[in-house]
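Remember, it's 1-based here, ligands and their atoms both numbered in the order they're listed.
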Amino acid sequence: MSDSTHPLITEKLTMHFGGLAALEDIDLVVERDTTHAIIGPNGAGKSTFFNCLTGLLRPTGGRILLEGRDITGLPPERISQLGVARSYQITNIFPGSTCLENIRVAVQSRQPTSSFLRHHRADAATLEGAAGIIETIGLGGKEDLMASSLSHGQQRNLEIGIALATEPTLLCLDEPTAGMSASETRDIVELIRRIGASLTILVVEHDMHVVMSLAQRITVLDYGQVLAQGTPAEIQANPQVQEAYLKM
Ligand SMILES: Nc1ncnc2c1ncn2[C@@H]1O[C@H](COP(=O)(O)OP(=O)(O)O)[C@@H](O)[C@H]1O
Ligand SMILES: [Mg+2]
């Protein structure tokens, strides 16, 4: 199977900060339309991995292949254009705009034509696309509400909607359930599962219950290295993983 059949491959991805190896020789393959979780104790290198992948950090070694294309060290805007969307914690939202406006602007950002050339029909398609995403993220009926008036959980859903609107190849979710109530967590897990049926998702998450219920594949990092990779069942049964977590 050629590399281009995988949404994401890292080959010996390495990030050193001076003498500290935050990531060392990380080999990882993400299969299409799977939800792949990256877990590990604090300081394991999870955020560094995301930062390298999205271009916020330039790796000191190794390669990152997106659909077989080398994106190592490209700037964040370029990596985003190439289809890697990262959901930050709400920071992509325009709070003073409506839900629909937030999504519509994101859908539009994907379209190459400049605004004065755009046809009415394209605007209609944009609105239709935005409306579909609003439904997907469970905000149907809330189109005209200000984003700032949504609950924390609804804002996180809106953020995922904004990421979806850019039609990503790979959606990176950084602790999607952080700061959420139990019911909000249930809702977002359900949303991620729904969109994950037809989208490749890479997720960093602390809540093991969430990880085990969402991920088809798990990579465990510890001190910047891959400690284990496998299915949730394999990871749960792995004695080294249990030890890494016990010493936290
Ligand atoms: N910009 C940086 N400069 C120096 N050291 C960093 C930087 N970012 C992260 N680190 C270090 O790299 C290691 C991995 O950090 P991080 O990726 O944030 O771990 P995690 O997200 O798994 O908790 C830690 O030891 C952290 O202190
Ligand atoms: Mg982190």
Worksheet item: Have Arg86 and Thr54 got a donor and an acceptor in their side chains that come within less than 3.5 Å?
Response: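 Yes, side-chain donor-acceptor contact under 3.5 Å.
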
Item to complete: Enumerate the atoms of ligand 1 whose separation from the nearest heavy atom of Ala44 is less than 4.0 angstrom.
Response: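 Once the distances to Ala44 are compared, the set is 19 (O), 20 (P), 22 (O).
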
Discussion item. Within ligand 1, which atoms have a heavy atom of Asn42 less than 4.0 Å away?
Written reply: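 It comes down to these atoms of ligand 1: 23 (O).
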
Discussion item. Quick one: does any side-chain atom of Arg32 pair with a main-chain N or O of Thr5 as donor and acceptor, under 3.5 Å?
Written reply: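 Flag set: sc Arg32 to bb Thr5 pair under 3.5 Å.
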
Provide, to 0.1 Å, the distance between [atom] and the closest protein heavy atom, together with that atom's residue and name.
{"atom": "atom 18 (O) of ligand 1", "value": "Ser47 CB, 3.7 Å"}
{"atom": "atom 24 (C) of ligand 1", "value": "Gly43 O, 3.9 Å"}
{"atom": "atom 25 (O) of ligand 1", "value": "Leu20 CD2, 3.6 Å"}

Discussion item. Tell me if the CZ atom of Arg58 is crowded by more than 12 foreign heavy atoms within 6.0 Å.
Written reply: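 No, not enclosed.
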
Worksheet item: Heavy-atom count around His209 NE2 within 6.0 Å, excluding the residue itself: above 12?
Response: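 Open: at most 12 neighbouring heavy atoms sit under 6.0 Å from NE2 of His209.
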
Worksheet item: Counting both backbone and side chain atoms, is some N or O of Ala22 under 3.5 Å from an N or O of ligand 1?
Response: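 No - when backbone and side-chain N and O of Ala22 are compared with those of ligand 1, no distance drops under 3.5 Å.
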
Worksheet item: Is Phe17 in polar range of ligand 1, meaning some N or O pair under 3.5 Å apart?
Response: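 No; every N/O pair is 3.5 Å or more apart.
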
Worksheet item: Below 2.8 Å, any N, O or S contact between Asn42 and the Mg ion (ligand 2)?
Response: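 No, outside the cut-off.
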
Discussion item. What verdict does the side chain to side chain donor-acceptor pair (under 3.5 Å) test give for Glu159 and Ser87, after you've listed the backbone C-alpha separation in whole Å, the side-chain angles of each residue and the deciding distance to 0.1 Å?
Written reply: CA-CA 6 Å; Glu159 240 262 292; Ser87 172; 2.8 Å; yes

Item to complete: Look up atom 12 (O) of ligand 1 and tell me if a protein heavy atom lies less than 4.0 Å from it?
Response: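 Given the 4.0 Å cut-off, atom 12 (O) of ligand 1 counts as touching protein heavy atoms.
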
Worksheet item: If hydrogens are left out, which of Leu56, Val204, Asp222, Thr48 has an atom nearest to atom 16 (P) of ligand 1, that is, the closest non-hydrogen atom?
Response: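 Looking at heavy atoms only, the winner is Thr48.
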
Item to complete: State if Gly45 counts as touching ligand 1 under the rule of any non-hydrogen atom under 4.0 Å.
Response: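 Gly45: in contact with ligand 1 (<4.0 Å).
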
Practice prompt. State whether Glu128 and Arg104 are salt-bridged, where the test is any N-O pair (Lys NZ or Arg NE/NH1/NH2 against Asp/Glu carboxylate O) under 4.0 Å.
Written response: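 Looking at Glu128 and Arg104, the cut-off is not met.
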
Practice prompt. Answer yes or no: is there an ion pair linking Glu190 with Arg194, defined by an N-O contact shorter than 4.0 Å?
Written response: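 Answer for the salt bridge query: yes.
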
Fill in: Working for side-chain contact (heavy atoms from CB on, under 4.5 Å), residues Leu8 and Leu53
CA-CA 10 Å; Leu8 181 73; Leu53 184 58; 3.4 Å; yes

